[in-house]
Structure formats: structure tokens, C-alpha cells
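Just so you know, these numbers come straight off a predicted model, no measurement behind them.
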Amino acid sequence: PMQQQKRQPELVEGNLPVFVFPTELIFYADDQSTHKQVLTLYNPYEFALKFKVLCTTPNKYAVVDATGAVKPQCCVDIVIRHRDVRSSYFGVIDKFRLQVSEQSQRKALGKKEIIATLLPSAKEQQQQKEEEEKRIKEHLAESVFFEQTLCQPENRTASSGPSLLTVFLGIVCIAALMLPTLGEMESLVPLYLHLSVNQKLVAAYVLG
């Protein structure tokens with residue numbers, strides 16, 4: 001009963017996730033073997049599902065077993081055959097909709113759309129795909145490069161606080177100001193450490 005209560009609202013809402021593979025079908029005019037494709041519908045749930053396959057252009061396709069059932073935690077193959085291969089259809093995107101419902105209910109619990117495209121040649125498509133992938137890789141390489149150059153200065157300023165160099169310079173300048181000026185004879189500091197007034201002024205300026 002507890003499980004039933006949990007499950008029921010999800011079933012009523014009609015947004016049950018539908019697991020189908022693949023989600024895109026590509027038919028090639030010059031390759032007879034691609035004119036028949038298989039959709040696999042998975043049912044990971046603990047109840048049986050009814051399914052129905054709808055299509056935006058049913059005249060172009062033959063769907064073997066367009067309606068049926070799939071047992072709990074099982075899968076079923078749906079065969080889709082392209083039956084009208086002609087050049088005027090090249091590149092046109094058709095859509096299939098796979099609707100599922102629980103056996104006892106008529107209402108669709110969930111749906112998934114699959115797109116189908118007819119292309120002239122697998123070889124041409126492969127070349128296009130390789131070119132597209134190359135472009136994407138180059139674009140990604142560029143974006144990564146730009147991101148690095150943009151982000152680094154921000155990261156540096158983000159780590160607030162003086163750098164080691166600044167701290168070191170500060171210490172040197174303070175030490176310089178504390179050392180005796182040239183001409184002060186009565187000093188314990190050795191003569192080579194005596195600084196001129198100008199040197200002390202530079203130290204004070206750097207410190208400021």
C-alpha cells in the first residue's frame with residue numbers, strides 16, 4: 001500500500017520517464033541495410049507497460065508492432081522501416097512519439113520523441129561528421145585557451161594580501177631607514193652599512 005501511494009501521483013501526472021534507445025534514427029539512401037532500424041524500449045519499473053508508436057509522417061514508415069506491451073524489468077524491440085526513399089526527403093526531420101501507459105490505465109503516463117532523418121550517403125555524412133567534430137574540437141581548444149587567459153588575473157587578485165616580494169621589499173626598506181645615516185660616527189653598525197640621506201629617502205618612498 002505504501003509503495004502504491006508513492007507511485008500513484010507520479011503515474012497520474014503523466015511524466016513517467018521513458019527509456020528508449022536510440023533517440024535518433026538516421027537512414028541512408030545509398031545503404032540498404034540502414035532502411036530498417038530498431039528502437040529498444042526498456043521497462044525498469046515493477047509494473048507492465050503498454051506502448052504505442054505515433055509518427056508525424058506515417059506514410060513514409062512501416063512500424064512493425066506499433067502497439068504492444070513490455071513486461072516489468074524487460075525490454076522490447078520495435079522495428080521501423082523506411083519505405084519511401086527519395087531525394088526530395090533528404091535532410092527532412094520526421095518525428096516518432098513513443099507513448100507508454102500502465103496496462104490498467106488508458107492515460108499516457110509518459111512519452112519520448114525520437115527524430116528520424118533520411119540522408120543521401122553514409123560516406124558523405126561521415127566526412128561531414130569528421131569535419132564537424134574537428135570544428136568543435138578547435139572551438140573547444142580556443143574556448144579553453146580564452147578562459148585561461150581571462151581567469152588567471154582574477155584568480156591572482158582574488159587571493160588577497162600582499163605578495164612575498166612586497167613584504168620582502170618592505171622589510172628591506174624598514175631596515176634601511178633604521179640604519180644610521182652617513183656621517184654618524186658614533187655607531188655600532190659597520191661603516192659599509194651606513195646609508196646616505198638620498199638612499200634613505202628612496203627607501204621611505206618605496207615603503208610609502
Side-chain angles (χ1 to χ4, degrees), residues 7 10-148:
R7 191 155 51 90
E10 191 183 46
L11 295 182
V12 172
E13 281 166 24
N15 52 8
L16 189 78
V18 176
F19 298 94
V20 63
F21 182 82
T23 52
E24 184 178 8
L25 301 173
I26 298 175
F27 301 89
Y28 296 108
D30 68 345
D31 185 354
Q32 198 83 36
S33 66
T34 67
H35 297 182
K36 187 180 94 171
Q37 305 237 6
V38 177
L39 281 178
T40 305
L41 171 65
Y42 298 89
N43 178 7
Y45 304 106
E46 290 171 16
F47 48 92
L49 289 176
K50 283 190 300 188
F51 69 85
K52 182 192 286 185
V53 182
L54 308 170
C55 183
T56 51
T57 48
N59 56 316
K60 281 185 181 174
Y61 303 93
V63 182
V64 181
D65 301 326
T67 58
V70 53
K71 292 174 185 171
Q73 286 156 6
C74 288
C75 64
V76 67
D77 286 343
I78 302 158
V79 177
I80 294 176
R81 194 176 278 111
H82 203 303
R83 59 180 183 190
D84 196 356
V85 174
R86 61 172 95 170
S87 57
S88 58
Y89 291 148
F90 291 168
V92 176
I93 293 172
D94 299 316
K95 285 184 181 176
F96 287 93
R97 178 177 283 173
L98 194 60
Q99 284 187 347
V100 299
S101 54
E102 199 180 10
Q103 291 233 300
S104 58
Q105 291 190 347
R106 283 189 174 184
K107 190 175 181 292
L109 296 177
K111 57 183 183 290
K112 187 85 165 183
E113 287 194 350
I114 296 105
I115 60 171
T117 321
L118 174 67
L119 296 172
S121 164
K123 284 175 189 167
E124 277 179 37
Q125 179 63 13
Q126 188 57 36
Q127 283 174 342
Q128 281 178 0
K129 198 176 172 187
E130 281 169 11
E131 280 171 28
E132 185 63 26
E133 280 174 0
K134 195 179 166 189
R135 275 205 301 273
I136 289 169
K137 277 177 188 167
E138 282 170 4
H139 177 68
L140 282 175
E142 282 172 27
S143 346
V144 170
F145 174 72
F146 287 131
E147 278 171 22
Q148 283 177 346

Novice: Any idea which heavy atoms bring H35 and A29 closest together, and the distance?
Specialist: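 For H35 versus A29, the nearest heavy atoms are NE2-O, 3.5 Å.
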Novice: Once rounded to the nearest 0.5 Å, what's the spacing between atom NZ of K112 and atom OG1 of T23?
Specialist: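 Going from NZ on K112 over to OG1 on T23, the span is 6.5 Å.
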Novice: Please step through side chain to side chain contact (heavy atoms under 4.5 Å, CB included) for the pair L41 and V18, ending with a clear verdict.
Specialist: CA-CA 8 Å; L41 171 65; V18 176; 3.9 Å; yes
Novice: Measure the CD1-CD1 distance between I115 and I26 for me, rounded to the nearest 0.5 Å.
Specialist: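 It is 8.0 Å, given to the nearest 0.5 Å.
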Novice: Is it the case that atom CZ in F21 sees more than 12 heavy atoms from other parts of the structure closer than 6.0 Å?
Specialist: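 Count not over threshold, so no.
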Novice: Just verifying a value: how many Å separate L49 CG and S101 OG, rounded to the nearest 0.5 Å?
Specialist: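 Reported value, rounded in 0.5 Å steps: 7.5 Å.
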Novice: List the atom of V38, the atom of P22, and the distance in Å for their closest heavy-atom pair.
Specialist: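 Answer, listing the atom of V38 first, then P22: O-CD, 3.6 Å.
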Novice: Mind checking whether Y61 and F27 have parallel, tilted or perpendicular rings, split at 30° and 60°?
Specialist: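 Because their plane-to-plane angle lies in the 30° to 60° range, the rings of Y61 and F27 count as tilted.
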Novice: I need the R97 CZ to Q99 CD distance, nearest 0.5 Å.
Specialist: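 Reported value, rounded in 0.5 Å steps: 6.0 Å.
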Novice: Check whether any side-chain heavy atom of N43 lies under 4.5 Å from a side-chain heavy atom of V76, and answer yes or no.
Specialist: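 They are not in side-chain contact.
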Novice: In Å, rounded to the nearest 0.5 Å, how long is the span from CD1 of I114 to CG of D94?
Specialist: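 It is 12.5 Å, given to the nearest 0.5 Å.
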Novice: Go through R81 and V64 one step at a time and tell me if the side chain to side chain contact (heavy atoms under 4.5 Å, CB included) criterion holds.
Specialist: CA-CA 8 Å; R81 194 176 278 111; V64 181; 4.2 Å; yes
Novice: Given V63 and I78, is the side chain to side chain contact (heavy atoms under 4.5 Å, CB included) satisfied, shown in steps?
Specialist: CA-CA 7 Å; V63 182; I78 302 158; 3.8 Å; yes
Novice: Check V92 against K60 and note the closest heavy-atom contact, atom names and distance.
Specialist: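 So the minimum-distance heavy-atom pair works out to CG1-NZ, 4.0 Å.
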Novice: Minimum heavy-atom separation for L109 to F47, with atom names?
Specialist: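 Minimum heavy-atom separation between L109 and F47: CD1-CE1, 4.4 Å.
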Novice: Does NZ in K52 sit with more than 12 non-hydrogen atoms of other residues, nucleotides or ligands closer than 6.0 Å?
Specialist: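 Open.
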Novice: Quick one: sort the F19 and Y45 rings into parallel, tilted or perpendicular, breaks at 30° and 60°.
Specialist: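 Tilted.
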Novice: Got a donor-acceptor contact below 3.5 angstrom from the S121 side chain to the D30 backbone?
Specialist: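 No, because the side chain of S121 does not come within donor-acceptor range (under 3.5 Å) of the backbone of D30.
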Novice: Just wondering, more than 12 heavy atoms not from R83 lying within 6.0 Å of its CZ?
Specialist: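 Correct, the count exceeds 12.
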Novice: Under 3.5 Å, is there a donor-acceptor pair between the side chain of H82 and the main chain of K36?
Specialist: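 The answer is no, because no donor-acceptor pair under 3.5 Å joins these two groups.
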Novice: For D65, is the CG atom crowded, meaning more than 12 foreign heavy atoms sit under 6.0 Å from it?
Specialist: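 No, not enclosed.
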Novice: When rounded to the nearest 0.5 angstrom, what distance separates CD1 in I80 from CD in Q37?
Specialist: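 If we round to the nearest 0.5 Å, I80:CD1 and Q37:CD are 8.5 Å apart.
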Novice: Distance only, no hydrogens: is a donor on one side chain within 3.5 Å (strictly under) of an acceptor on the other, for N59 and T57?
Specialist: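 On atom types as modelled, these side chains do not qualify, holding no pair under 3.5 Å.
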Novice: Quick check: closest heavy atoms across Q73 and E46, and the distance to 0.1 Å?
Specialist: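 That closest heavy-atom pairing would be NE2-CG, 3.8 Å.
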